[in-house]
Enquirer: 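Attaching a single structure in structure tokens format; questions to follow.
Order of the sequence lines sets the chain letters (A, B, ...), proteins ahead of strands, with each chain counted from 1.
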2 protein chains.
Amino acid sequence: MREGPDIARIASLVGDPARANMLNALMGGTALTASELALEAGVSLPTASSHLSKLMEGGLLTLASQGRHRYYGLASAQVAGMIEAIIGVAEAVGPKRVRPGPRDAAMRVARVCYDHLAGEQAVAMLDRLFDRKLLLREHNEIRLSSAGASHFSALGIEIQAKARRPLCRACLDWSVRRSHLAGTLGAAILDKIITEKWARREKDSRAVVFSPGGKREFERVFLA
Amino acid sequence: MREGPDIARIASLVGDPARANMLNALMGGTALTASELALEAGVSLPTASSHLSKLMEGGLLTLASQGRHRYYGLASAQVAGMIEAIIGVAEAVGPKRVRPGPRDAAMRVARVCYDHLAGEQAVAMLDRLFDRKLLLREHNEIRLSSAGASHFSALGIEIQAKARRPLCRACLDWSVRRSHLAGTLGAAILDKIITEKWARREKDSRAVVFSPGGKREFERVFLA
DNA sequence: CGCATGGTTCGATCCTCATCGAAGCATTCC
DNA sequence: GGAATGCTTCGATGAGGATCGAACCATGCG
């Protein structure tokens, strides 16, 4: 009966269906209000509020108050990574989907992971950025080369190393089992994709759908 | 109220203290019997048995019957990775340890992760193997170079690619936040360390303690 | 100010599930 | 075969916690 970190406490927070739905919704990266999360989880507002305070107390969420709105978001990329890991196991053992449906197919191609792009497109992009030496592997970290710095700034992607958050990070993809790009740069790239309207977020889903023209542009810029 | 993989189901399996203790114990990599796990979790044998069947049904465990003994083990490295991720979050948010105690310090230096070595020593080893070009990074995978193949076989470390399991794999370390070596080769190296008596497994813990002479040998062979 | 809206707290209800003792199977040893 | 060991199933008990309605704060708007 050793001590150690209280893993059961963390896991049981994710282990309730209502809370799991909320966390899943927050994996989209945008912070949501209590009522939106209540709707998402399919519970009443009081119930949702109770769950949210538990998640807060457990350190899994952050809260940003803006006037009478209170926006809940995932506490950290580490928490997001944990949830992806759990999703990965659930996918693997779950005999749920006999065949992957169309929505799942879209998710495999491209989806939002916390605040950056994930899925086949994202994995291909990271590979290509390495090939073109815009990013460099260093031990197990990823570094931006000087060529990469000028390349991204030419694209109008702001690059500024925040204090706490690494610029580039590798994030493991549950669908492809390969890494894609996270960190500030990964977030900035997703931002560009959305603001340029190359792709749009699927309603009520993490899926990201490229328009035909947007796909061409994306491939020209990142997969060339 | 979307469908998707049943993440709550998986998380709730880990969310019970008794089950979490069992899984934690199994992170040591050796399969254990129901009575050992009952002792580990601090519950009676019937209770443990009930938990074990739930974990089996959830696909988190594998069972190997040998005579009247039934050995339970983690189902896959993916499950082990998920548990490491949860441990990582629990470490991060848990204000448990004010200061890391001595046992925790030993865990940080070297410990067993499923079936291979983790901790600072393991991270340093992987770095060095890359530097010496015994292992090569390829995209996000790790490949054994021909120099590496002869090097390991000279050490008497058997290298044979099993069908299902990759030879080399990167596994993220929760204490160091860097990768260490998993896969068949990682397991073989841990095996060598133990059989050569360079280090011993701490009783009732995942910690691995090197003897003074063993540490020298390990450093000569893997960190030179 | 008063009213509407977003959110939390309180209280009561209900149900799942963790727990253990006792009994039942299976395997091995003598 | 019989006894012992390892483990599972059954049944009863009990506690934690998920849920919602109603009441209660807080903010913003007219």
Enquirer: Return the minimal non-hydrogen interatomic distance between B:Glu36 and B:Leu32, and the atom names on each side.
Expert: OE1-CA, 3.4 Å
Enquirer: Please classify the nucleic acid contact of A:Tyr72 as base, sugar-phosphate, or nothing, using heavy-atom distances under 4.0 Å.
Expert: sugar-phosphate
Enquirer: Please report, rounded to the nearest Å, how far the P atom of C:dG6 is from the CG atom of A:Leu32.
Expert: 15 Å
Enquirer: What distance do A:Asp16 atom CG and A:Lys54 atom NZ have between them, rounded to the nearest 0.5 Å?
Expert: 8.0 Å
Enquirer: Heavy atoms only, 4.0 Å cut-off, all strands: where does B:Ser53 land among base, sugar-phosphate and nothing?
Expert: nothing
Enquirer: From C-beta outward on B:Ser35, which listed nucleotide comes closest to its side chain: C:dG7, D:dG6, D:dT19?
Expert: D:dG6
Enquirer: Consider ring pair (Phe, Tyr, Trp, His ring centres under 6.0 Å). Of B:Phe218, B:Phe222, B:Trp198, which one does B:Phe210 pass it with?
Expert: B:Phe218
Enquirer: Rounding to a whole Å, what distance do you find between B:Arg9:CZ and C:dT16:P?
Expert: 16 Å
Enquirer: Would you say B:Met125 and B:Ile189 make side-chain contact, with heavy atoms under 4.5 Å?
Expert: yes
Enquirer: If I take atom CG in residue A:Leu61 and atom P in nucleotide C:dT8, what distance separates them, rounded to the nearest angstrom?
Expert: 12 Å
Enquirer: Out of D:dT19, C:dT8, D:dT9, which nucleotide sits closest to the side chain of A:Ser50?
Expert: D:dT19
Enquirer: Below 3.5 Å between N/O atoms, which protein atoms pair up with nucleotides 12-17 of chain D? Just atom names and distances, please.
Expert:
none

Enquirer: Please report the distance, rounded to the nearest Å, between CG in A:Leu55 and P in C:dG7.
Expert: 16 Å
Enquirer: Collect all protein-nucleotide pairs involving nucleotides 24-26 of chain D in which both atoms are nitrogen or oxygen and the distance is under 3.5 Å.
Expert:
none

Enquirer: Using side-chain contact (heavy atoms from CB on, under 4.5 Å) as the criterion, list what pairs up with A:Lys197, not counting sequence neighbours.
Expert: none
Enquirer: What pairs of nitrogen or oxygen atoms, one from the protein and one from nucleotides 20-23 of chain D, lie under 3.5 Å apart?
Expert:
from, atom 1, to, atom 2, distance (Å)
D:dC20, OP2, A:Ser44, N, 3.0
D:dC20, OP2, A:Ser44, OG, 3.1
D:dC20, OP2, A:Thr47, OG1, 2.8

Enquirer: Take the protein atom CG of A:Leu13 and the nucleotide atom C1' of D:dA18, then report the distance between them rounded to whole Å.
Expert: 14 Å
Enquirer: Expressed as a whole number of angstroms, how long is the span from A:Met22:CE to D:dA18:C1'?
Expert: 12 Å
Enquirer: Tell me, which stems hold DNA chain D, with a stem being 3 or more Watson-Crick or G-U pairs in a row and both distances under 3.5 Å?
Expert: C:1-30 with D:1-30
Enquirer: Is the side chain of A:Arg19 donor-acceptor paired with the backbone N or O of B:Ala8 at a distance under 3.5 Å, no angle test?
Expert: no
Enquirer: Check A:Val14 against A:Met82 and note the closest heavy-atom contact, atom names and distance.
Expert: CG2-CE, 4.0 Å
Enquirer: So, using side-chain contact (heavy atoms from CB on, under 4.5 Å) as the criterion, who are the partners of B:Ala31 when residues are at least two apart?
Expert: B:Tyr71
Enquirer: Once you round it to whole Å, what is the distance between P of C:dG6 and CG of A:Leu37?
Expert: 14 Å
Enquirer: Give a yes or no answer on whether the side chain of B:Ser53 reaches the backbone of B:Ser49 with a donor-acceptor pair at less than 3.5 Å.
Expert: yes
Enquirer: Report the distance from atom CG of A:Leu52 to atom P of C:dG6, rounded to the nearest whole Å.
Expert: 16 Å
Enquirer: What's the spacing between A:Leu185 CG and A:Leu190 CG if we round to 0.5 Å?
Expert: 11.5 Å
Enquirer: Any idea which heavy atoms bring B:Ile194 and B:Ala199 closest together, and the distance?
Expert: CD1-O, 3.8 Å
Enquirer: With respect to the phosphate group of D:dT27, does any side-chain polar atom (N or O) of A:Arg70 fall under 4.0 Å of OP1 or OP2?
Expert: no
Enquirer: Any donor and acceptor pair, going by atom type alone, linking the side chain of A:Ser76 with main-chain N or O of A:Val79 inside 3.5 Å?
Expert: yes
Enquirer: Looking only at non-hydrogen atoms, find the nearest pair between A:Ala48 and A:Ala34 and report the distance.
Expert: CB-O, 4.3 Å
Enquirer: Looking only at non-hydrogen atoms, find the nearest pair between B:Ala75 and B:Thr62 and report the distance.
Expert: CA-CG2, 3.6 Å
